[in-house]
Amino acid sequence: MDITPATSAAPPPLSGAPAPAEQAKSATRPGDRIFLGLSRGSGILLLVIMAAIAVFLAVRAVNALSHNEGNFFTTFEWSANSTPPVFGIAVLAFGTVVSSLIAMLIAVPVAIGVALFVSHYAPRKLATPLSYVIDLLAAVPSIVYGLWGALFLVPHLGGLYSWLNDYLGWTGIFEYHDGAARSLFTIGILLAIMILPIVTSVSREVFLQTPRMNEEAALALGATRWEVIRMSVLPFGRSGVISASMLGLGRALGETMAVATVLSPSFLINTSLLDPGGGTFAQNIASSFKESGEIGKDALIASGLVLFVLTLLVNGAARMIIARRKEYTA
């Protein structure tokens with residue numbers, strides 16, 4: 001005889017009992033609902049503010065571009081207050097990108113080294129105060145960095161410029177003619193010092209999140225401390241270091257007062273990075289806004305729109321890199 005076990009069916013819910021979803025909803029405390037509404041409203045408000053900024057910049061930029069007699073992307077001139085106005089962002093884009101790249105090339109390797117030292121080499125008595133000092137450096141105002149750069153850094157770079165000219169001047173990129181060191185290379189060094197705390201702090205936190213079991217397994221196999229870092233820490237923190245570098249790049253692209261204090265602006269693209277001159281988007285806006293007329297201000301806003309889009313692309317790339325690793329998307 002085939003005997004099939006009887007399956008116990010779940011008892012039907014009572015006619016007057018609420019559904020589970022309704023029970024969860026009714027069990028939500030009023031404070032949770034208020035916090036959810038405030039959080040959601042804050043996120044929506046942020047998007048509205050960003051959209052309003054973009055619309056404002058776009059409207060004012062269209063007004064300036066409609067009066068421009070030059071090519072906005074290729075003109076090597078900024079005469080937005082003349083009649084007719086002629087202006088372009090070629091020099092500004094070149095100076096902004098080049099100085100930021102120099103800052104990245106200098107700051108990122110140093111930041112990774114400091115982060116590794118604090119997280120895996122330094123004793124706790126030294127690592128803790130050193131971490132506080134690094135975090136405090138990020139809070140120093142830009143104008144302080146600018147004054148330090150103009151009064152201390154610029155007068156002391158002559159020896160470095162002469163050395164670069166002696167050994168690398170044949171390339172043309174590091175050819176140095178005597179003069180004040182108010183060039184894009186100096187701006188790159190200053191920006192590297194400014195973004196160093198940001199890249200270091202984020203990289204340090206990423207390295208500290210490395211699973212302890214991975215490091216202990218490498219040590220158990222006989223790996224040295226450097227081999228542990230190379231095989232466990234750096235692969236785990238690669239995307240985090242890249243995103244930290246992107247954040248530093250975002251600040252370098254938009255830095256204003258420090259660059260305006262140190263750089264000798266001119267609308268020329270020099271083959272040598274050591275020659276005075278050049279300009280950046282933020283520096284040009286800060287230096288020219290006060291004496292600009294209506295069209296001149298709109299032209300500066302148009303250049304600010306380019307910087308706005310460029311910064312959004314950099315930060316968006318950083319978020320995409322972070323999203324590739326589940327450890328950072330929780």
Side-chain angles (χ1 to χ4, degrees), residues 39 42-43 46 50 97 99-142 145 188-255 310-330:
S39 302
S42 300
L46 178 62
M50 294 292 293
V97 173
S99 59
S100 300
L101 290 179
I102 294 173
M104 295 295 292
L105 291 174
I106 298 174
V108 172
V110 177
I112 294 175
V114 175
L116 288 174
F117 174 76
V118 172
S119 60
H120 287 80
Y121 283 95
R124 184 173 298 274
K125 292 182 179 180
L126 176 61
T128 301
L130 187 58
S131 300
Y132 292 155
V133 172
I134 294 172
D135 294 338
L136 287 175
L137 285 175
V140 176
S142 300
Y145 282 109
I189 296 175
L190 183 61
L191 291 177
I193 298 173
M194 297 181 66
I195 68 175
L196 185 62
I198 299 175
V199 182
T200 302
S201 298
V202 178
S203 300
R204 181 193 68 223
E205 296 302 323
V206 171
F207 292 151
L208 289 174
Q209 293 179 12
T210 305
R212 188 64 181 174
M213 291 187 298
N214 294 1
E215 300 183 26
E216 293 177 351
L219 290 173
L221 293 174
T224 62
R225 182 171 296 185
W226 162 242
E227 289 172 338
V228 171
I229 291 175
R230 182 170 56 87
M231 294 186 299
S232 301
V233 179
L234 291 179
F236 179 84
R238 183 182 297 114
S239 60
V241 171
I242 294 175
S243 61
S245 303
M246 291 289 186
L247 293 176
L249 177 60
R251 179 176 183 183
L253 290 172
E255 184 52 48
L310 185 61
T311 306
L312 285 181
L313 292 176
V314 170
N315 291 321
R319 295 304 306 173
M320 291 179 61
I321 293 172
I322 295 175
R324 292 177 58 186
R325 295 290 297 270
K326 292 182 180 180
E327 291 86 351
Y328 306 114
T329 56

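Atom set for the values below is all heavy atoms of this structure, side chains included, hydrogens, waters and symmetry mates excluded.
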Hey, can you pull the donor-acceptor pairs under 3.5 Å for the side chains in residues 200-207, sequence neighbours left out?
unit_1, atom_1, unit_2, atom_2, d
Thr200, OG1, Leu196, O, 2.7
Ser201, OG, Asp135, OD1, 2.8
Ser201, OG, Pro197, O, 2.9
Ser203, OG, Val199, O, 2.7

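The distance from the CD1 atom of Ile134 to the CG atom of Leu136 is 10.0 Å, given to the nearest 0.5 Å. How far CG of Leu313 is from CE of Met246: 10.5 Å, rounded to the nearest 0.5 Å. The line from CD1 of Ile102 to CG of Leu190 is 12.0 Å long, rounded to the nearest 0.5 Å. A distance of 10.0 Å separates OG of Ser131 from CZ of Arg124, quoted to the nearest 0.5 Å.
Contact detail for Met104 and Pro109: the closest heavy-atom pair is O-CD, 3.9 Å. The two residues Tyr145 and Leu137 come nearest to each other via the heavy atoms OH-O, 2.9 Å. Arg225 approaches His120 most closely through the heavy-atom pair NH1-O, 3.3 Å.
By the side chain to side chain donor-acceptor pair (under 3.5 Å) test, Arg212 is found to be paired with Glu215, residues two or more places apart in sequence or in another chain being considered.
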Would you sort out whether Tyr121 and Leu126 count as a side-chain contact (heavy atoms from CB on, under 4.5 Å), showing the intermediate values?
CA-CA 10 Å; Tyr121 283 95; Leu126 176 61; over 6 Å; no
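At a threshold of 4.5 Å between non-hydrogen side-chain atoms, the residues Asn214 and Met231 do not count as touching. For the pair Leu247 and Ser243, the minimum side-chain heavy-atom distance is 4.5 Å or more.
For the side chain to side chain contact (heavy atoms under 4.5 Å, CB included) with Val114, the qualifying choice from Leu116, Val118, Ile112 is Val118, the only one to do so. Between Leu310 and the choices Asn315, Leu249, Leu253, the side chain to side chain contact (heavy atoms under 4.5 Å, CB included) rule is met once, by Leu253.
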